[in-house]
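Below is one structure, written out as structure tokens; the observations come after it.
Order of appearance sets the numbers: ligands from 1, and atoms from 1 within every ligand. Not measured: the values here are computed from a predicted model.
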Amino acid sequence: MGQLPKHTHPDLIVGFETSDDAGVFRLRDDLALVQTVDFLTPMVDDPFMFGAISAANALSDVYAMGGKPVTAMNIVSFPVRKVPLEILERILAGGFEKVHEAGAILVGGHTVDDPEPKFGMSVTGVVHPERVIANRGAKPGDRLVLTKPIGVGILTTALKEGLLQPPAIEEVSRVMATLNRAASEAMVEVGVHAATDVTGFGLLGHLHEMLAASEVSSILSMERIPRFEGVFDWIRQDVVPGGTRRNLRTLEEFLRGESSPEERLLLADAQTSGGLLMAVPPDHLDRLFEAFRARGVRGWEIGEISENPATAIEITR
Ligand code: CO
Ligand code: CO
């Protein structure tokens, strides 16, 4: 999309040039639209769970902007003549449940016959134009907070290869299907400088987008980064998705400090329906964690923003 001409409009608050999670367009002085679309190929075997995870993933881009989802539309690719329609009904039911949990309304959708099933949603939300939380805005001294563990891409690759065992399958599915709603409401209530959700470009990629948009750098504390159990064992067995390796190849040049190859792959791991990554002014940190506790949200302080505009990511222990 970098090759496309950029629209400029006085009411366009967030367009595509900062790689933000959603577009934001002002309708009135006190109301802006938040619009996003996302669809995925199956990452779990259970069709209901696939639908729920895909919907949570699509809704997340509205939450990452501090918005509230209002309506959603299904986007479906399905091998209509080859796979029983009951499977598609289960996928849609999973998606519907998440839209309902988000307090939004499903208003339609579109299906195409396709050998490879895909499911996702376009989601429209609302936000006050002055309370949009974008990629840009992170300031030196801000603490970085993450709300879900990483390693989803590695675990779902193990799952696809038939290697992952039931307790771990349930755990990674539960985390992916968890809405970022409560985490977003907490950050909106307390106020943060910048936020994004961690998805296909991994923690490193989405952090880098935030740093680039904000013209700052960051320090990550490796020990504090939440990760799924057993993730380094899978990496050592070479169970790593291609997307994760590609992420690392494009982001490696920004890394500073000491880290092992396994740690770098974890940091670059492509997530599905990952958590929110927030740049939090230090004097708001306690209140944010209180707001998390009040809503039953987990959060981890994983590092901080530093001054250097060269968007470096320094890894410390
Ligand atoms: Co996003
Ligand atoms: Co997205």
Side-chain angles (χ1 to χ4, degrees), residues 1-2 13-25 32-41 43 52-70 72-73 75 95 98-99 102 104 118-127 132-138 144-150 152-153 156 175-188 192-214 241 243-244 246-247 250-251 267-279 297 299 302:
M1 282 176 62
I13 299 172
V14 178
F16 59 78
E17 61 283 351
T18 50
S19 310
D20 247 298
D21 298 293
V24 183
F25 189 84
L33 280 179
V34 184
Q35 293 180 287
T36 183
V37 57
D38 232 311
F39 61 107
L40 303 167
T41 54
M43 73 302 287
I53 291 166
S54 262
N57 180 72
L59 288 156
S60 176
D61 280 325
V62 174
Y63 291 130
M65 308 298 294
K68 179 181 157 352
V70 177
M73 301 185 96
I75 298 160
K98 284 294 151 182
V99 171
K118 301 172 194 78
F119 175 66
M121 286 179 174
S122 77
V123 183
T124 301
V126 290
V127 69
V132 176
I133 304 170
N135 263 341
R136 58 176 177 251
L144 286 166
V145 171
L146 179 65
T147 67
K148 287 186 186 181
I150 59 172
V152 163
T156 53
V175 170
M176 285 190 285
T178 300
L179 288 182
N180 283 328
R181 177 183 185 166
S184 174
E185 287 173 357
M187 82 172 177
V188 168
V192 304
H193 282 155
T196 189
D197 59 348
V198 178
T199 52
F201 298 126
L203 174 60
L204 280 188
H206 294 282
L207 172 61
H208 186 262
E209 285 174 346
M210 180 188 283
L211 301 178
S214 308
T244 295
R246 279 194 297 279
N247 287 343
T250 55
L251 292 155
L267 293 173
D269 187 37
Q271 305 298 284
T272 299
S273 194
L276 297 184
L277 174 68
M278 309 170 188
V297 175
I302 62 166

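Asn135 places a side-chain N or O within donor-acceptor distance of the main-chain N or O of Thr18, the cut-off being under 3.5 Å.
The minimum distance between the Co ion (ligand 1) and any N, O or S atom of Asp197 involves atom OD1. The Co ion (ligand 1) sits nearest to atom OD1 when only the N, O or S atoms of Asp21 are considered.
Taking backbone and side chain together, Asp61 holds an N, O or S atom under 2.8 Å from the Co ion (ligand 1). Not one N, O or S atom of Asp20 sits under 2.8 Å from the Co ion (ligand 1).
With sequence neighbours left out, Ser184 forms a side-chain contact (heavy atoms from CB on, under 4.5 Å) with Tyr63, Met187, Val188, Leu276.
Donor-acceptor pairing under 3.5 Å is lacking for the side chains of Thr272 and Asn57.
Within 6.0 Å of CZ on Phe39 lie no more than 12 heavy atoms contributed by other residues, nucleotides or ligands.
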